[in-house]
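The basis for the numbers below is simple: all heavy atoms, side chains too, and nothing from hydrogens, waters or symmetry mates.
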Amino acid sequence: MKKHLTFLGAILVMAGSMVQAQEVNSSAAAYGSSSGEDVTVENGVDYVPEISLDARFGYEYRSSGKAAGFGGDGLLLNIDGKISKNFSYSFNHYLSGSNGEDSSVFDATNWLTLTYEVGNFAFTAGKDALAIGSFEYDAYDLDCYFDMNSMFYNSISCWQWGASASWTNNAENSTFAFQVANSPFSYAPKEDNLYAYNLAWYGAWDWYESIWSINFMEYAPGEFVKMVALGNMFYAGNFSMMVDLMTRGDDWSDGLDQDYTLAFQPAYNFGESVRLFGKLGVEHLADDVEYDLWGEYPALEDKIAANEENPYVMPAYLVGGKEYVYYGAGVEYFPLKENKNIRLHAVWASNNYTHRHLFNVGLTWKFDVVNTIRNIARKAR
C-alpha cells in the first residue's frame with residue numbers, strides 16, 4: 001500500500017507541475033508573447049512527460065469446473081519523458097499487484113530505464129526486458145491473452161536489472177543492441193553472480209519487421225542456456241503474419257529436438273476498427289535439461305500429478321517427450337476513430353495438454369493523464 005501511495009503522490013506532484021506550466025504558458029501567450037510558444041519546450045525538447053494509466057477488465061469462463069467470473073487483468077502506470085536533449089526515461093509499474101515476494105518497491109516494476117542518446121548510439125541502464133527475439137515475447141502485458149501464449153512466455157522472469165548499448169543505422173530500419181543483465185535463473189540477483197549476455201537485431205520495413213537475438217544466460221556459474229530466437233512479422237495490406245522460432249539448450253545441439261517454441265499468429269484488420277486474429281504454437285521441453293525456468297526441477301511423476309490437479313487451461317508443467325500445442329482465436333474492436341485508447345476483445349484459447357477451453361470477453365483502456373490535466377487547465381483559464 002505504501003508503494004502505491006508513493007506513486008500516486010508522485011503523479012499528483014507532476015500533475016500540479018503541469019497545471020502550473022500550463023498557467024505560465026497561458027500568461028506568457030496572453031500578456032508577453034505574440035508567438036504563444038510553449039514554455040515547457042526548450043531547444044526543441046518537450047519536457048512534459050507522457051503519463052498514462054492502462055487497465056484491462058473482463059469476464060472469463062473456463063470449461064474446467066465451469067469456473068467463471070468478472071475480474072481485472074492489470075492496472076499499469078506508464079511514465080515516459082525527457083530530462084535533456086540526450087537523456088530520456090521510461091517507467092512501467094503494476095499498481096494492481098506486485099510480483100515476487102514484495103521485498104522491494106521494484107518487485108512490481110516492469111521497467112525503469114534511463115537512456116543517453118548521442119548520434120546513432122544509445123546507452124540504457126536500469127530495469128528492462130531481456131533482449132530476447134520473438135514478437136510473442138515482446139508484446140505488452142495488456143495486449144496478451146496468456147492462455148494463448150507459450151509456457152516460455154508465461155514462465156521466464158524477463159524483467160532484469162542491467163545495461164545495454166545499441167546502434168541504429170541512418171535509414172533507421174535496423175538497430176543492433178548488446179545487453180548485459182542479471183540472469184533470469186538468478187533468484188538472489190545481488191548474490192548469485194549469474195548474468196545474461198544478449199545480442200539482438202531489430203529491423204523494420206513496410207513489409208517486414210524482425211526481432212532476432214542470440215542469448216547466453218547463466219543457470220549456474222559458467223554454465224549457460226544458449227538460445228537463438230527469431231521473431232518475424234510479415235505485412236501484406238491489411239494482413240499480417242507473425243512467425244516466431246526459438247531454440248534453447250545448454251548445448252547448441254539440444255535446441256531443435258529438446259527445447260524449442262514455434263508460433264504462428266495471422267491477423268487481419270478490417271479498416272481501423274476491427275482486428276481478427278488466430279494463434280497456433282508448438283513447444284517442447286525435455287526432462288533431462290540442466291535448467292528450469294521456475295527453479296523447481298520436479299520429477300516426471302510430480303509433473304504429471306500437478307497437471308492432473310491443475311484446474312486452469314494451461315498445464316502446470318510440460319512433460320518430456322510430448323509436444324505442447326496451444327491455439328486460439330480472437331477479435332478486437334476499437335470504437336474510437338481518433339485513437340485506440342479503448343479496445344473491446346473476445347478470445348478463445350485451448351491446448352492439447354488439458355483439452356480445456358477458455359473464453360474471455362473484456363475491455364482495455366488507456367487513461368491519458370497529461371491530456372486530461374491539459375484540458376482541465378485549459379478550461380480553468
Side-chain angles (χ1 to χ4, degrees), residues 11 49-62 68-80 90-97 108 110-111 129 134-150 153-154 158 204 209 211 231 233-242 244 263-281 313-314 326-350 357-375:
I11 293 178
E50 296 180 7
I51 305 175
S52 70
L53 289 171
D54 302 347
R56 193 170 82 189
F57 157 84
Y59 175 81
E60 185 171 289
Y61 172 85
R62 296 195 307 269
F70 292 98
D73 295 317
L75 173 62
L76 290 95
L77 169 65
N78 282 283
I79 305 177
D80 297 282
S90 185
F91 173 67
N92 179 271
H93 184 86
Y94 264 101
L95 294 177
S96 56
N110 285 340
W111 65 81
S134 135
F135 281 86
E136 178 187 76
Y137 169 88
D138 193 59
Y140 184 44
D141 281 9
L142 296 188
D143 293 335
C144 293
Y145 307 103
F146 299 104
D147 290 87
M148 293 176 63
N149 285 344
S150 65
Y153 175 95
N154 289 317
C158 67
E209 289 184 62
I211 309 177
M233 187 72 78
F234 301 91
Y235 300 95
N238 291 334
F239 177 79
S240 66
M241 171 65 82
M242 181 199 83
D244 281 351
F264 303 89
Q265 181 170 302
Y268 189 85
N269 293 319
F270 295 88
E272 297 293 328
S273 298
V274 179
R275 176 175 178 261
L276 184 66
F277 62 95
K279 185 76 168 286
L280 171 65
V313 175
M314 296 189 68
Y326 57 100
Y327 43 85
V331 61
E332 297 173 334
Y333 172 65
F334 302 89
L336 301 180
K337 293 183 179 180
E338 62 272 18
N339 59 56
K340 293 190 174 182
N341 288 347
I342 296 178
R343 180 185 68 211
L344 288 80
H345 72 263
V347 299
W348 158 75
S350 187
H357 302 274
L358 175 135
F359 301 90
N360 187 290
V361 179
L363 173 67
T364 305
W365 67 93
K366 177 179 179 180
F367 174 63
D368 192 323
V369 177
V370 173
N371 280 341
T372 299
I373 294 172
R374 281 175 170 165
N375 291 333

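- Asp141 has its side chain within reach of Tyr94: a pair of non-hydrogen atoms, C-beta onward, lies under 4.5 Å apart.
- In terms of heavy-atom proximity, Leu276 sits nearest to Gly330 at CD1-O, 3.4 Å.
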Item to check | Criterion side chain to side chain contact (heavy atoms under 4.5 Å, CB included) on Met148 and Phe277, from CA distance to verdict | outcome: CA-CA 11 Å; Met148 293 176 63; Phe277 62 95; 3.7 Å; yes
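- Taken to the nearest 0.5 Å, the CE atom of Met233 stands 10.0 Å off from the CE atom of Met241.
- With sequence neighbours excluded, the residues forming a ring pair (Phe, Tyr, Trp, His ring centres under 6.0 Å) with Tyr326 are Tyr324, listed by chain and number.
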Show which side-chain atoms of residues 359-368 pair as donor or acceptor with protein atoms under 3.5 Å away, not counting sequence neighbours.
| from | atom 1 | to | atom 2 | distance (Å) |
| --- | --- | --- | --- | --- |
| Asn360 | OD1 | His345 | NE2 | 2.7 |
| Asn360 | ND2 | Glu60 | OE1 | 3.2 |
| Thr364 | OG1 | Arg343 | NH2 | 3.2 |
| Asp368 | OD1 | Val370 | N | 3.3 |
| Asp368 | OD1 | Asn371 | N | 3.1 |
| Asp368 | OD2 | Asn371 | ND2 | 3.0 |

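- A heavy-atom distance below 4.5 Å is found between the side chains of Leu77 and Ile51.
- Considering every non-hydrogen atom in both Asp54 and Tyr140, the closest pair reads OD2-OH, 3.0 Å.
- Qualifying side-chain contact (heavy atoms from CB on, under 4.5 Å) partners for Phe234, counting only residues two or more places apart in sequence or in other chains: Trp207, Tyr208, Asn232, Val243.
- Residues Phe135 and Gln265 fail the side-chain proximity criterion, which asks for heavy atoms closer than 4.5 Å.
- Remark: the backbone N or O of Ala263 is not paired with any side-chain donor or acceptor of Glu136 at under 3.5 angstrom.
- Listed by chain and number, the residues in a side-chain contact (heavy atoms from CB on, under 4.5 Å) with Ala68 are Tyr59, Tyr61 (sequence neighbours excluded).
- Closest heavy-atom contact between Tyr235 and Ser240: CD2-CB, 3.8 Å.
- Ring geometry for Phe70 against Phe57 counts as parallel: the plane angle stays under 30°, on a 0 to 90° scale with 60° as the upper cut.
- Residues that satisfy the salt bridge (charged side-chain N to carboxylate O under 4.0 Å, His left out) test with Asp73, not counting sequence neighbours, are Arg56.
- Sorted by first and then second residue, the side chain to side chain donor-acceptor pair (under 3.5 Å) pairs involving residues 267-278 (not counting sequence neighbours) are Arg275-Glu332.
- Between the side chains of Tyr153 and Asp244, no donor-acceptor pair is found at a separation under 3.5 Å.
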Checklist entry - side chain to side chain contact (heavy atoms under 4.5 Å, CB included) between Trp348 and Asp147: does it pass, once the steps are laid out? => result CA-CA 9 Å; Trp348 158 75; Asp147 290 87; over 6 Å; no
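- Between the side chain of Asn149 and the main chain of Asn154, no donor-acceptor pair closer than 3.5 Å is present.
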